[in-house]
2 protein chains.
Amino acid sequence: MATIKEIAKLANVSTATVSYALNDPSKISEETRAKVMRVVEQVNYRPNSIAKSLKVKRTNAIGVITEDITVFNTPEIINGIGECAEEHNYHIILENIRLYKRIGNNYQDTSKFTGVIKDTTSVLMSKQVEGIIYVGAHCRDVTGLIDKTPIPVVYTYCYTQNEGDYTVNYDDFLAAYEATKYLIGMNHRKIALITGLMGSGQCQERIKGYQKALYESQVLFNPEYLKVGNWEREAGYEAGKELLTSVNRPTAIFALNDVMAGGVFDAAVELGLKIPEDLSLIGFDNRECSYSYSPKLTTMALPLDNIGNMATEILINSLSKQKQKSFPQHSKLKCALVERESVMPLLKGEL
Amino acid sequence: MATIKEIAKLANVSTATVSYALNDPSKISEETRAKVMRVVEQVNYRPNSIAKSLKVKRTNAIGVITEDITVFNTPEIINGIGECAEEHNYHIILENIRLYKRIGNNYQDTSKFTGVIKDTTSVLMSKQVEGIIYVGAHCRDVTGLIDKTPIPVVYTYCYTQNEGDYTVNYDDFLAAYEATKYLIGMNHRKIALITGLMGSGQCQERIKGYQKALYESQVLFNPEYLKVGNWEREAGYEAGKELLTSVNRPTAIFALNDVMAGGVFDAAVELGLKIPEDLSLIGFDNRECSYSYSPKLTTMALPLDNIGNMATEILINSLSKQKQKSFPQHSKLKCALVERESVMPLLKGEL
DNA sequence: CTGAAAGCGCTTACAG
DNA sequence: CTGAAAGCGCTTACAG
């Protein structure tokens with residue numbers, strides 16, 4: 001590759017002039033600029049941005065640490081990050097931790113991989129990234145994973161209690177509230193809920209959202225309609241079966257993820273019940289599988305793209321001297337209901 | 001951040017000595033090395049790798065251009081790239097083109113986005129990446145997309161006729177051959193095939209594999225068992241219905257992707273046919289949905305991780321002065337059958 | 001074994 | 001408007 005020196009020689013100017021021609025044309029005459037640009041194009045000269053970065057002490061690079069890029073939520077978050085980064089002329093150094101391969105299902109225990117994280121943030125910092133976005137594979141508390149750094153880090157799909165650090169997730173409470181409201185709007189009153197692991201904060205939030213929607217519409221919360229699951233299909237099947245064989249069979253089931261909803265499909269088939277005619281079903285996550293069930297599953301879509309976008313917006317904003325906007329420290333983005341074929345309104349007579 | 005100069009001052013040595021302590025301890029005494037390292041740790045000094053890169057003219061960075069990270073094949077390829085890159089101490093600059101958002105379904109027409117590609121390779125080169133891996137969203141000819149570059153580029157999940165450029169994909173022919181063989185091994189003889197778009201080279205290869213397996217086992221190729229699809233679920237449904245209502249109903253169907261296999265499930269349900277009792281079904285791709293059908297779909301898994309690994313291996317190998325290994329210019333990796341629940345052996349009496 | 005010095009490819013006050 | 005020069009933070013022959 002040619003250097004600025006060679007361009008300068010070819011154009012019969014100083015390297016300073018070449019630099020100005022490229023970066024700040026106002027400083028030189030249009031004439032010399034044209035002269036320089038001609039040889040720049042001739043030689044197809046591309047400035048070495050490594051050298052520039054060293055000088056100006058800015059890299060326009062942000063580090064993205066993903067816990068596991070093969071988990072369904074991550075690619076779309078990266079997509080959102082990339083989109084926003086591009087707008088602001090930032091680029092991404094990707095560090096994918098491969099958490100599952102590394103520590104199996106122990107991801108809850110963040111102490112198992114603080115070592116890796118320490119190393120990767122260290123590498124990222126030595127590469128002079130201006131900020132870091134951390135993308136969790138599961139929404140959980142990740143406090144202490146990343147040491148205090150001189151550069152900002154924003155967390156997505158997980159949260160932290162480090163003061164000063166930003167966090168962007170989606171609103172579990174609101175999503176469950178709206179899903180339940182939707183079912184109620186379809187005249188359902190016997191609405192069962194299949195939960196995830198009760199230890200999960202997300203799960204708790206969603207239960208609260210479900211209950212609030214119920215209360216608001218004056219439908220009594222019936223504990224028999226609350227089945228504890230574990231996010232897995234088998235649990236959805238078991239819960240579905242219990243629910244569907246109970247004396248006071250619900251007319252609608254809200255499964256707290258699409259995978260467990262798959263288990264409800266299994267139970268319904270086994271019992272000869274048709275969805276949505278005999279049972280309305282709604283899932284959560286809008287994963288690829290939700291589209292593959294038959295009938296296609298109505299579900300809550302996660303705002304993954306927006307999470308990535310917002311996280312990047314926040315990061316880049318906090319990088320600029322005069323912070324234009326101010327963001328809440330903990331954003332919770334809105335999920336969107338995607339209506340497909342698994343929910344049917346109850347006729348008034350069926351109430 | 002501290003610099004090497006400050007470390008030198010604190011340790012009472014020259015910057016050269018600090019550098020040696022960090023990079024080539026053999027050049028200095030153990031004693032002074034210890035002295036230097038002590039202050040390095042005290043200050044938590046991290047060398048600025050931008051500065052180092054400028055000096056040594058190596059960045060240990062590879063550029064990864066993905067057409068669309070939200071397409072199912074891409075994350076796992078990136079995963080494989082990351083794994084291999086890490087082993088060799090390389091890092092990744094990710095440029096995700098967002099092809100779908102940009103040009104919709106026109107991805108076949110590569111001329112629609114040569115501009116974007118030109119810009120991103122240009123950026124990548126100015127950032128001094130040592131090589132580029134291109135990850136297609138769909139396997140197709142992509143010749144001419146990237147201009148001749150002074151650095152190596154290897155193509156995955158697509159191919160090119162640029163001489164000198166490496167390509168790594170999976171073996172469609174072999175995969176279809178083995179899937180068909182498997183069905184034959186299960187005593188099936190009436191094996192129907194639902195193809196994708198006939199214009200696709202992959203589709204052609206798979207048809208050939210299917211036919212070869214048939215011939216080898218002396219089962220006559222029956223053109224009525226060959227239904228042309230288009231990769232979409234609806235087409236699988238239509239083809240499935242025709243097949244399953246024909247006089248000479250096949251005992252097994254091989255759908256050339258998992259999505260169309262979903263359509264076959266639909267047709268089977270509609271016709272009251274049970275899978276696998278009344279019909280064995282096998283898919284292709286091992287997408288998330290294949291696991292969500294009921295019963296779970298037996299399918300061919302794509303070696304995505306390996307594709308990423310191999311591509312990176314090839315790239316990094318071609319970067320080293322004395323190329324240790326030599327690789328075929330066009331690798332075709334082997335798919336793996338994943339046996340689940342949608343295939344049943346035919347009893348001899350049923351033949 | 002250790003240090004002084006040049007230089008990687010840029011940018012940017014500063015002087016003219 | 002233009003150029004000479006210093007300097008970003010490193011590495012690495014070279015001399016001692």
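Here is the naming used below: chain letters follow the sequence lines, and residue numbers restart at 1 for every chain. The model shown is predicted, which means the values in this text are computed figures rather than measured ones.
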Legend entry - Residue whose closest nucleotide on DNA chain C lies nearer the 5' end, E30(B) versus V56(B): E30(B)
Inset, instruction - Quick one: do T70(A) and K101(A) satisfy side chain to side chain contact (heavy atoms under 4.5 Å, CB included)? Show the steps, please. - result: CA-CA 11 Å; T70(A) 64; K101(A) 274 200 188 166; over 6 Å; no
Inset, instruction - Find the distance I50(B):CD1 to dT11(D):C1' and express it as a whole number of Å. - result: 16 Å
Inset, instruction - Could you check whether S29(A) gets within reach of a base, just the sugar-phosphate, or nothing at all, counting any heavy atom under 4.0 Å? - result: sugar-phosphate
Inset, instruction - Check every strand shown and say whether D24(A) touches a base, only sugar-phosphate, or nothing at a heavy-atom separation below 4.0 Å. - result: nothing
Inset, instruction - Starting at atom CD of E31(B), determine the distance to atom P of dC1(C), rounded to an integer number of angstrom. - result: 12 Å
Inset, instruction - Indicate yes or no: at least one non-hydrogen side-chain atom of T74(B) is less than 4.5 angstrom from one of D68(B). - result: no
Inset, instruction - Pick base, sugar-phosphate or nothing for T32(B), based on heavy-atom distances below 4.0 Å to the nucleic acid. - result: sugar-phosphate
Inset, instruction - Please tell me which of the listed nucleotides, dC1(C), dC8(C), dT2(D), lies nearest to the side chain of T17(A)? - result: dT2(D)
Inset, instruction - Output yes when at least one side-chain N/O atom of N48(A) is less than 4.0 Å from OP1 or OP2 of dC8(C), else no. - result: no
Inset, instruction - Compare the minimum distances between each of dC8(C), dT11(C), dA4(C) and the side chain of L54(B), then state the nucleotide with the smallest one. - result: dC8(C)
Inset, instruction - Please determine, for dC14(C), whether a Watson-Crick or G-U wobble partner exists with both distances under 3.5 Å, and give it or none. - result: dG3(D)
Inset, instruction - Could you work out which one of dA5(C), dA4(D), dT11(C) sits closest to the side chain of A16(B)? - result: dA5(C)
Legend entry - Rounded interatomic separation in angstrom, taking NZ from K35(B) and P from dG3(C): 7 Å
Legend entry - Contact check, side chains of P152(A) and L319(A), non-hydrogen atoms, under 4.5 Å: yes
Inset, instruction - Under 4.0 Å between any heavy atoms, over every strand shown, what does K55(B) touch: base, sugar-phosphate, or nothing? Just pick one. - result: base
Legend entry - Spacing between L22(A) atom CG and dG9(C) atom C1', to the nearest angstrom: 13 Å
Legend entry - Nucleotide nearest V13(B) when distance is taken to its side chain, options dG3(C), dA5(D), dC8(C): dG3(C)
Inset, instruction - Return the nearest nucleotide to the side chain of T3(A); candidates are dG9(C), dT11(C), dC10(D). - result: dG9(C)
Inset, instruction - Would you mind classifying the nucleic acid contact of K5(B) as base, sugar-phosphate or nothing, using non-hydrogen atoms under 4.0 angstrom? - result: sugar-phosphate
Inset, instruction - Ignoring backbone atoms, test whether K27(B) places a side-chain nitrogen or oxygen under 4.0 Å from the OP1 or OP2 oxygen of dT11(D). - result: no
Legend entry - Euclidean distance, atom CD1 of residue I4(B) to atom P of dA5(C) [Å, nearest integer]: 17 Å
Legend entry - Close side-chain approach of M125(A) to P150(A), heavy-atom, < 4.5 Å: yes
Inset, instruction - Could you tell me the separation between the NZ atom of K9(B) and the P atom of dG9(D), rounded to a whole number of Å? - result: 13 Å
Legend entry - Between dT12(D) (C1') and I28(B) (CD1): distance, integer Å: 14 Å
Inset, instruction - For Y20(B) and for Y45(B), find the nucleotide of DNA chain D with the closest heavy atom, then tell me which residue's nucleotide is more 5'. - result: Y45(B)
Inset, instruction - May I ask you to verify if any side-chain N or O of K52(A) is less than 4.0 angstrom from the OP1 or OP2 atom of dT11(C)? - result: yes
Inset, instruction - Say whether E67(A) and Y157(A), considering side chains only, have a donor N or O and an acceptor N or O under 3.5 Å apart. - result: no
Inset, instruction - Answer yes if the side chains of T114(B) and S111(B) hold a donor-acceptor pair under 3.5 Å, and no otherwise. - result: no
Inset, instruction - Using atom CD1 of I7(B) as one end and atom P of dT11(D) as the other, report the distance to the nearest whole Å. - result: 12 Å
